[in-house]
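Worksheet: the structure to be examined is printed underneath.
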Amino acid sequence: MLSITLPDGSVREVAPGTTPADLAAAIGPGLAKAAIAARVDGELRDITRPFDGSANLALVTSRDEEDALELARHDFAHVLAEAVQNLFPGTQITFGPATDDGFYYDFAPKDRPFTEEDLPAIETEMRRIIAKDEPLIREVWSRADLIARWNKQGETFKAEWAAELPEGEELTVYKAGNGPDAWLDMCRGPHLASTGKLDPNAFKLTRVSGAYWRGDQNNAMLSRIYGTGWLNKKQLDEHLFRLEEAAKRDHRKLGQEMDLFHLQAEAHGSVFWHPHGFTIWRALEAYMRRAIDGAGYQEVKTPQVMDARQWEQSGHWGKYRENMFVIPDEVPNVEDEGPIVSNDAQWMALKPMNCPAHVLIFRQGIKSYRDLPLRLYENGCCHRNEPHGALHGLMRVRQFTQDDAHIFCREDQIVAEVQDFCRLADRIYKDFGFKYSIKLALRPDNRFGTEEMWDKAEAELRDAVVRAGMATEEYGWEELPGEGAFYAPKLEWHLTDAIGRTWQVGTIQSDRVLPERLDASYVGEDGERHRPVMLHRAIFGSYERFIGILIEHFAGKLPVWLAPTQAVVATIVSDADDYAVQVAAELRKAGLRVETDLRNEKINYKVREHSLAKVPNLLVVGKREADEGTVALRQLGSERQQVLSLAAVVEQLAKDALAPDLAV
């Protein structure tokens, strides 16, 4: 008999061959109906897979949403593949994983690539398969039998993959149904017990794209069909609503409508900032400078290009070179014949981060323990060689500017410095109206440094958050194994936007490796040389991405202090032109960014145009307002209009336009 220990500590004795489903049924019919999978000794498994031996068991239900969603999405992917092969005989299948909000599957069509016009028919066939309630049966096959089966079916991609899996690895397949012609796919699992466990109204196929086999552009081009999958229709509807909202808020669309920036192929991954967009940038930069000046940072500026030997010494050349733009240190050949660059050139690189340069500043002159902590800040422009296909508006670029700082401190100062940073980040995010959670990313497999060094660094970050009172559920405190940088653990700040999406922005990392590699030191109280600890930190992350997040969070309706144009004075009749110019001048004197609209257009047209441009304040003036020294104030998002004296409107708008750190 096997001993199965349940979460409450009770133990059930069962016969070999018993499954978690059998045990759920023995406990009660309600649990048998609710259980959809099992965690056996922590491993997520099919509920119909027999126990291998005595084990700890936790039954999974739809209330265990993370596990339930992963299972459902994986099943939707398999049902998608079966539906496609039913409708388009001769199509080969490759891979079909679950994703963060759904699933996809890559196909090699027999005749033509799939298009979005194919999706409705595929959805209908998927619902038919779900209604059949086919059992999903796990089987273990030998490598030879599996390869033979794939070759017989003309599944060359699956046969190639099966042949390359490591020797000794158990090769599992899942059959949909019991018959000899049951649909088959190679998969580690787990899956739900049958297709009927899926809600046929809880998925939607969303789009089609191309994808290379195994991600290699030298391989065959496949058709990738994406879908979103959920546990029930309510979840799907909520997700589709979020997608619709996200499309409305897309920073690329709003950036064009508001004339903020553009991107083009002549500078892949680099942003062309227009005057209005750069006004937002400058407002953020001024805000951040006030914040870091008040927190005791000193601003520096470092070179864009540094010798490869410096990057070798820092460790980035060996571990990060594929993401760096590398350039030869020589004058290029200007003749028509011959290579542009010789084979003898020394190599340099555009900096992908600022930290090694900040160490070089720290090393200038002798530092004493009394000089620490030394907080060096830089709005540092960096370049990273991201693949073209990964670039996405402002959110993922090749050239970006970080609000970057490095704190050089003694061992006894680390916790206090991190604690202070937590409070600074808290104030800044709240100034922008964001809620956030804090995560501690722990040591990755590929890393520098000793275990003792990592133990100490992780404990210090954890202790700082505890002392700041933020290691709580309110702050979404969580630890993330394996997600730290190669040189240090890090704290991460994840912002939640207006439609519930999360964005990882701020970070602070405790690093003892780089000061060692670049020979940074200070003279201690004992007169001996000591290594400083280096805290890498950022709050916006990058200006580009943070501006993209702000545009989408506010749907373009930025707070007045960030709005490129804070007010427009628009005339109803040309007789009010001189007065409109006077109103604008008074507002500019009060520090506002103001434009006038004196065009010979109807006022309703002007109101609509400036509303679409997300101008927060529209001041309408006509002959009556000019005679009385008043303005009609229309604020974005409000249906009502206020008639105020010029002095009152200047006072009100000047107050509204103050940055949150100045409006105290």
Side-chain angles (χ1 to χ4, degrees), residues 291-300 314-315 354-356 358-378 404-428 438-443 447-472 475 477 479 484-493 506-539:
I292 61 112
D293 287 349
Y297 289 80
Q298 300 175 61
E299 189 168 358
V300 297
S314 71
N354 302 299
C355 31
H358 288 192
V359 177
L360 297 185
I361 290 179
F362 179 86
R363 284 175 48 186
Q364 292 299 299
I366 298 172
K367 299 294 186 295
S368 161
Y369 69 96
R370 295 188 184 90
D371 298 320
L372 305 183
L374 178 63
R375 308 179 188 98
L376 299 181
Y377 175 87
E378 179 172 9
D404 202 11
H406 296 91
I407 303 169
F408 297 88
C409 60
R410 306 189 307 263
E411 294 274 348
D412 62 299
Q413 297 171 323
I414 295 171
V415 173
E417 286 297 310
V418 176
Q419 188 177 345
D420 286 346
F421 176 76
C422 290
R423 290 173 178 149
L424 177 64
D426 179 71
R427 175 169 65 80
I428 289 174
I438 306 177
K439 317 289 184 186
L440 174 57
L442 304 172
R443 69 197 74 184
R447 59 183 182 267
F448 284 143
T450 65
E451 293 304 298
E452 292 77 17
M453 187 182 293
W454 279 86
D455 288 342
K456 187 172 179 59
E458 290 171 355
E460 287 161 346
L461 295 182
R462 187 182 293 113
D463 189 28
V465 180
V466 170
R467 292 192 189 186
M470 297 176 182
T472 64
Y475 287 92
W477 173 248
E479 299 194 5
F486 69 86
Y487 52 84
K490 59 180 176 176
L491 291 172
E492 299 175 347
W493 275 255
T507 182
I508 187 166
Q509 305 167 352
S510 170
D511 179 11
R512 290 170 170 82
V513 173
L514 204 57
E516 179 75 32
R517 293 183 69 90
L518 297 182
D519 194 29
S521 66
Y522 68 91
V523 177
E525 194 171 5
D526 57 3
E528 300 295 323
R529 288 182 62 204
H530 297 270
R531 296 284 181 216
V533 175
M534 188 176 183
L535 303 178
H536 307 246
R537 49 114 294 179
I539 295 177

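Side-chain atoms are counted along with the backbone in the values below, which use heavy atoms only and exclude waters and symmetry mates. In this text, all values refer to a predicted model and were calculated from it rather than measured experimentally.
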(message) Quick check: do Ser314 and Leu514 have side-chain heavy atoms less than 4.5 Å from each other?
(response) yes
(message) Looking at every heavy atom in both Gly296 and Arg375, which two are closest together, and how far apart are they?
(response) O-NH1, 3.4 Å
(message) Return the CE to CZ distance between Met534 and Arg537, rounded to the nearest 0.5 Å.
(response) 12.5 Å
(request) Working to the nearest 0.5 Å, report the span between CG of Leu376 and CD1 of Ile361. (result) 6.0 Å
(message) Under 4.0 Å between a side-chain nitrogen and a carboxylate oxygen: does that hold for Glu411 and Arg512?
(response) yes
(message) If you define the side chain from C-beta out and look only at heavy atoms, does anything of Val466 sit under 4.5 Å from Trp477?
(response) no
(request) Please assess Val465 against Leu440 for the test side chain to side chain contact (heavy atoms under 4.5 Å, CB included), listing each intermediate value before the final yes or no. (result) CA-CA 9 Å; Val465 180; Leu440 174 57; over 6 Å; no
(request) Locate the shortest heavy-atom distance separating Gln364 from Lys367; write the atom from each residue and the value. (result) O-NZ, 2.6 Å
(request) Take Val418 and Glu460 through the side chain to side chain contact (heavy atoms under 4.5 Å, CB included) test and state the conclusion after the steps. (result) CA-CA 8 Å; Val418 176; Glu460 287 161 346; over 6 Å; no
(message) Using 30° and 60° as the class boundaries, would you call the ring planes of His358 and His406 parallel, tilted or perpendicular?
(response) perpendicular
(request) For Glu451, look at atom CD and say whether over 12 heavy atoms of other residues, nucleotides or ligands are found less than 6.0 Å away. (result) yes
(message) Is the shortest side-chain heavy-atom distance between Leu424 and Arg427 below 4.5 Å?
(response) yes
(message) Is there a side chain to side chain contact (heavy atoms under 4.5 Å, CB included) between Tyr475 and Asp426? Walk through the geometry before answering.
(response) CA-CA 10 Å; Tyr475 287 92; Asp426 179 71; 3.9 Å; yes
(request) Of all the heavy-atom pairs spanning Ala405 and Tyr297, show the shortest one and how long it is. (result) CB-CE2, 3.6 Å
(request) Any chance you could measure Gln413, atom CD, to Ile407, atom CD1, to the nearest 0.5 Å? (result) 10.0 Å
(request) Measure the shortest side-chain to side-chain distance between Cys422 and Trp493 over non-hydrogen atoms and say whether it is less than 4.5 angstrom. (result) yes
(message) With a 4.5 Å cut-off on side-chain heavy atoms, are Val359 and Arg517 touching?
(response) no
(request) Would you name the heavy atoms of Ala457 and Ser510 that are closest together and state the gap between them? (result) CB-OG, 4.0 Å
(request) State whether Glu452 and Lys456 are salt-bridged, where the test is any N-O pair (Lys NZ or Arg NE/NH1/NH2 against Asp/Glu carboxylate O) under 4.0 Å. (result) no
(message) So, using salt bridge (Lys or Arg N to Asp or Glu O under 4.0 Å) as the criterion, who are the partners of Lys439 when residues are at least two apart?
(response) Glu478
(request) Quick one: pull up CE in Met470 and CD1 in Ile438 and give me the separation to the nearest 0.5 Å. (result) 5.5 Å
(message) Nearest 0.5 Å, please: how far is CG in Asp511 from CD in Glu516?
(response) 11.0 Å
(message) Between Leu374 and Gln298, is the side chain to side chain contact (heavy atoms under 4.5 Å, CB included) condition met? List the steps.
(response) CA-CA 8 Å; Leu374 178 63; Gln298 300 175 61; 3.2 Å; yes
(request) Give a yes or no on whether the backbone of Arg443 and the side-chain of Glu458 come within a donor-acceptor separation of less than 3.5 Å. (result) yes
(request) Taking all non-hydrogen atoms of both residues into account, name the closest pair between Ser521 and Arg531 and its distance. (result) CB-NH1, 4.1 Å
(request) Indicate yes or no: at least one non-hydrogen side-chain atom of Phe421 is less than 4.5 angstrom from one of Ile539. (result) yes
(request) Salt-bridge test for Asp519 and Arg529: reply yes if a basic N is under 4.0 Å from a carboxylate O, no otherwise. (result) yes
(request) Give, for atom CZ of Phe362 and atom SG of Cys355, the distance between the pair rounded to the nearest 0.5 Å. (result) 15.0 Å
(request) Please report the shortest heavy-atom distance between Leu535 and Ile414, naming the atom on each side. (result) CD2-CG2, 4.2 Å
(request) For Arg410 and Tyr369, indicate whether the former's side chain and the latter's backbone hold a donor-acceptor pair under 3.5 Å. (result) yes
